[in-house]
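Just below is one structure, and these are the notes that go with it.
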Amino acid sequence: MPELPEVETIKTALNKSLINKKIKNVNVLQDKFRIKTQSDFAKRIENSQITKIKRRAKYLIIVLDNGYSIINHLGMSGQIKILKEKPSILDKHDHIIIECNDICIIYNDARRFGLMIYEKTNLLNEHKLFKHLGPEPFCDEYNGQYLFNKIKNKKSPIKPALLDQSIIVGIGNIYASELLYDAKISPIRPCNMITLDECNKIVIESRHVLERAIKAGGSTLKDYKKPDGSLGYFQNAHKVYGKENQLCPICKSNINQKHCIKKIIQAGRSSFYCSITQK
DNA sequence: AGTGAGGCCTGAAAGC
DNA sequence: TGCTTTCAGGCCTCAC
């Protein structure tokens, strides 16, 4: 599930409930993730106080007052649950439990493609997970000229390039399809055939699609503590993603239009697009 | 150097 | 119904 908007939503939720909380007890029931959780993870963070929660790309960073930070990534199937207290019966795949005085955070991840580790806060920027990352989609550095320079010599199609976190972070497989639809650019267009003008469009639409999702995710925050403790994820109203063989919203209004949204595989990932609307 | 395939895992859905 | 196969929204490593 998690792309940037989901992580941003969780960050907001955690910022409302975790600031200044003292970590009393930590249970690591599973340490085998994309990166192994350090064996002294619990010892390192217990008895520290949470200073702030940040996000970088799709990573959640919990900054502690003892010079360390917790780095968390949700992979494909990860969840952060916010509960009042540690439940007497844990769910399947509840892997790491972090208990504070009146709040309990649980990292649940069925496929274990995510991770939860600690790192010294002053070394975060040099961490191998962060070093290669490109700019955030909402920062000034990410603009049409930047994107144009980054991709002008690439011959790969544009869609896989948008998933490359060293070019731009936070865009996942769903939003890559959606933003290219909004920009009316075909996912199969080679990068070196994309004009500066089109790069501007891609930048604008990538921000739009993420903004909409964050806003909608934020609006579900009021009930982020559902009975089962799981966070309510934003169910995006996708225009092309998962809409194979349906008409796109623009073609729908054209009575003579018979072509449908196609599903193709690019670099091993599915892409959805309308060959009429997107050039 | 840049690119695509394979692999990490489990579970839901589709296929038989 | 029940077993098997396929597929999944991320990302890293490894060949070419």
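Predicted, not measured: the structure shown is a model, and the values here were computed from it. Chain letters run A, B, ... following the sequence lines, proteins first and then strands; every chain starts at 1.
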If you take the centroid of each ring, where Trp contributes its six-membered ring, are Y107(A) and F33(A) closer together than 6.0 Å?
yes

A side-chain contact here means heavy atoms from C-beta on lying under 4.5 Å apart; do H238(A) and E178(A) qualify?
yes

In E244(A), K243(A), K159(A), the residue satisfying side-chain contact (heavy atoms from CB on, under 4.5 Å) with F272(A) is E244(A)

Where the side chain of Q278(A) meets the backbone of L180(A), is there a donor-acceptor pair that is under 3.5 Å apart?
yes

Span that lies between the P atom of dG9(C) and that of dA14(B), in whole angstrom:
15 Å

For Y59(A) together with F130(A), are the ring centres under 6.0 Å from each other?
yes

Sugar-phosphate atoms are those with a prime plus P, OP1 and OP2; base atoms are the rest. Using that split, label each nucleotide of nucleotides 11-16 of chain C B, S or - for protein heavy atoms under 4.0 Å, 5' to 3'.
SS----

Let me have DNA chain C in dot-bracket notation, would you? Count Watson-Crick plus G-U wobble pairs, both distances under 3.5 Å, and use [ ] for pairs crossing earlier ones and | for inter-strand partners.
.|||||||.|||||||

In the 5'-to-3' direction, what one-character label does each nucleotide of nucleotides 1-7 of chain B receive under the scheme B = base within less than 4.0 Å of a protein heavy atom, S = sugar-phosphate only, - = no such atom?
--S----

Residues sharing L247(A)'s hydrophobic cluster, by side-chain heavy-atom contacts under 4.5 Å among ILVMFWY, directly or via others?
none

Is a salt bridge present between K184(A) and E198(A), judged by a nitrogen-to-oxygen distance below 4.0 Å?
no

Check the distance between dG9(C)'s P and L179(A)'s CG and give it to me in whole angstrom.
15 Å

Does the side chain of I98(A) reach to within under 4.5 Å of the side chain of I70(A), using non-hydrogen atoms?
yes

Closer than 4.0 angstrom, basic N to acidic O: yes or no for R212(A) and D182(A)?
yes

Separation of dG9(C) atom P from N173(A) atom CG, nearest Å, is 5 Å

Answer yes if the ring centres of F113(A) and H73(A) are under 6.0 angstrom apart, and no otherwise.
no

What pairs of nitrogen or oxygen atoms, one from the protein and one from nucleotides 10-14 of chain B, lie under 3.5 Å apart?
{"residue": "dT10(B)", "atom": "OP1", "partner": "R112(A)", "partner atom": "NH2", "Å": "3.0"}
{"residue": "dT10(B)", "atom": "O3'", "partner": "H93(A)", "partner atom": "NE2", "Å": "3.0"}
{"residue": "dG11(B)", "atom": "OP1", "partner": "K92(A)", "partner atom": "NZ", "Å": "3.1"}
{"residue": "dG11(B)", "atom": "OP1", "partner": "H93(A)", "partner atom": "NE2", "Å": "2.5"}

Between dT6(C) and dG6(B), how far is it from one P atom to the other, in whole Å?
14 Å

Contact under 4.0 Å: S270(A) side-chain N or O vs dC7(C) OP1/OP2
no

R55(A) and E8(A) ion-paired at < 4.0 Å
yes

F33(A) CZ to dG10(C) P, straight-line distance once rounded to whole Å
19 Å

Taken to the nearest whole Å, CE/M76(A) to C1'/dT6(C) is 13 Å

Report the distance from atom NE2 of H238(A) to atom C1' of dA8(C), rounded to the nearest whole Å.
13 Å

Just by distance, with hydrogens left out, do T121(A) and S69(A) show a side-chain donor and acceptor under 3.5 Å apart?
yes

Counting just side-chain N and O atoms, does Y241(A) come under 4.0 Å of either OP1 or OP2 of dG9(C)?
yes

Under the side chain to side chain contact (heavy atoms under 4.5 Å, CB included) rule, collect the residues that match up with K36(A), sequence neighbours excluded.
D31(A)

Do Q30(A) and I96(A) come close enough that some side-chain heavy atom pair is under 4.5 Å?
no

